[in-house]
Amino acid sequence: GAVVSQHPSRVICKSGTSVKIECRSLDFQATTMFWYRQFPKQSLMLMATSNEGSKATYEQGVEKDKFLINHASLTLSTLTVTSAHPEDSSFYICSVRAGKLFFGSGTQLSVL
Amino acid sequence: GENVEQHPSTLSVQEGDSAVIKCTYSDSASNYFPWYKQELGKGPQLIIDIRSNVGEKKDQRIAVTLNKTAKHFSLHITETQPEDSAVYFCAADYGQNFVFGPGTRLSVLP
């Protein structure tokens, strides 16, 4: 399966700051990557679909100006949480569809 | 709309016993059903999957069955071990995206 690397694994930031999360597809050229958010003891919720070389597609209710996605190459997609607030604290996970869906290791974001 | 239900939400079994988790999906157009295992603080890991042209698939202690008519599929884990303790998610592929079940927290008691 595809190997998906995600960094950082954990980040703590102050309210109002921005945080960038990187997702790399190490062995598969991914024209599309997916970003999920997971709250404690809940399921995976798709936030947006990242498209290489074009704009991301956001799910209903997800603020595109708050969650900036950049997919500049076939191996890298980034998610930037801008002006983070405590309610943005969550587990963010990226994934790549290489036939099947493979996930990164996730990023735990804690906003103080 | 697209929906996946999953039961039970929590499951405790004694080591060595079997565990069964069941899922139902709403849209008959789905034809691919993966299962993921998620350990605390980690991303989901694909453990087994099944396509709609197959009724059952087995990989060592793990098996998945699919009843396309009834629109439900199940995960079976035999001879459970403490390292099987995790949250398990089923999913249905609807082409553009996957829809995940709410998850089952499995605890294997030594």
Side-chain angles (χ1 to χ4, degrees), chain A residues 1-12 21-26 28 31-51 56-62 79 89-110, chain B residues 1-11 21-26 30-52 54 57 59 62 64 73 75 85-107:
Chain A
V3 179
V4 183
S5 176
Q6 185 173 343
H7 295 280
S9 59
R10 178 178 293 272
V11 58
I12 301 173
I21 302 170
E22 291 190 350
C23 180
R24 294 182 184 274
S25 177
L26 300 185
F28 179 79
T31 55
T32 302
M33 293 186 184
F34 305 92
W35 287 95
Y36 289 82
R37 179 167 53 185
Q38 185 179 35
F39 291 107
K41 297 186 178 182
Q42 292 190 23
S43 190
L44 302 155
M45 296 302 297
L46 181 65
M47 297 177 61
T49 301
S50 170
N51 303 299
T57 305
Y58 292 82
E59 295 300 301
Q60 188 173 9
V62 178
L79 169 67
S89 297
S90 187
F91 193 57
Y92 293 86
I93 320 169
C94 67
S95 68
V96 167
R97 185 164 187 163
K100 303 180 181 184
L101 193 66
F102 299 95
F103 288 91
S105 53
T107 298
Q108 181 63 53
L109 171 63
S110 299
Chain B
E2 302 161 353
N3 185 44
V4 176
E5 297 182 356
Q6 183 173 348
H7 300 280
S9 57
T10 60
L11 178 60
I21 303 170
K22 298 180 179 181
C23 288
T24 60
Y25 59 99
S26 57
S30 183
N31 57 16
Y32 173 64
F33 308 92
W35 284 89
Y36 291 87
K37 175 184 180 182
Q38 186 178 29
E39 297 177 343
L40 188 62
K42 298 183 179 181
Q45 177 188 8
L46 178 66
I47 57 171
I48 197 168
D49 55 11
I50 192 168
R51 297 193 179 275
S52 59
V54 177
K57 183 177 178 180
D59 183 4
I62 297 174
V64 57
F73 55 112
L75 177 70
S85 296
V87 178
Y88 291 81
F89 292 98
C90 61
D93 181 5
Y94 286 102
Q96 293 295 323
N97 62 286
F98 286 79
V99 177
F100 289 84
T104 296
R105 183 172 298 277
L106 174 64
S107 298

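What you are looking at is a predicted structure, and each value in this text was computed from that prediction instead of being measured.
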Self-check item: Where B:K42 and A:F91 come nearest, the two heavy atoms and their spacing
Solution: O-CE2, 3.5 Å

Practice problem: Measure the shortest side-chain to side-chain distance between B:F98 and A:F34 over non-hydrogen atoms and say whether it is less than 4.5 angstrom. | Solution: no

Quiz prompt | Neighbour count above 12 (heavy atom, 6.0 Å) for B:K22 NZ | solution = no

Practice problem: Hey, could you give me the CG/OG distance between B:N97 and A:S95, rounded to the nearest 0.5 Å? | Solution: 10.5 Å

Exercise. Name the option with the most non-hydrogen atom pairs under 4.5 Å to chain A; the candidates are B:G103, B:S9, B:P44.
Key: B:P44

Quiz item: Non-hydrogen atoms of chain B under 4.5 Å away: do they reach the side chain of A:Q42, the backbone, both or neither?
Solution: backbone

Practice problem: To the nearest 0.5 Å, tell me how far B:D49 CG sits from A:K100 NZ. | Solution: 3.5 Å

Practice problem: Measure A:R10 against the heavy atoms of chain B and call it side chain, backbone, both or neither at under 4.5 Å. | Solution: neither

Quiz item: Which answer fits B:F89, side chain, backbone, both or neither, if we ask what part of it has an atom under 4.5 Å from a heavy atom of chain A?
Solution: side chain

Quiz item: Heavy-atom distance under 4.5 Å to chain B: side chain of A:L101, backbone, both or neither?
Solution: both

Quiz item: Are the ring centres of A:F103 and B:Y36 closer than 6.0 Å?
Solution: yes

Exercise. Under 4.5 Å heavy-atom distance to chain B, tell me which part of A:Q6 shows up: side chain, backbone, both or neither.
Key: neither

Exercise. Specify which of A:S105, A:S9, A:S43 makes the most heavy-atom pairs with chain B at under 4.5 Å.
Key: A:S43

Exercise. Step through the shown structure and confirm whether more than 12 heavy atoms of other residues, nucleotides or ligands are within 6.0 Å of CG on A:L26.
Key: yes

Quiz item: Which heavy-atom pair separates B:G43 from A:I93 by the least distance, and what is that distance?
Solution: CA-CG2, 4.5 Å

Quiz prompt | Structural part of B:Q38 lying under 4.5 Å from a heavy atom of chain A | solution = side chain

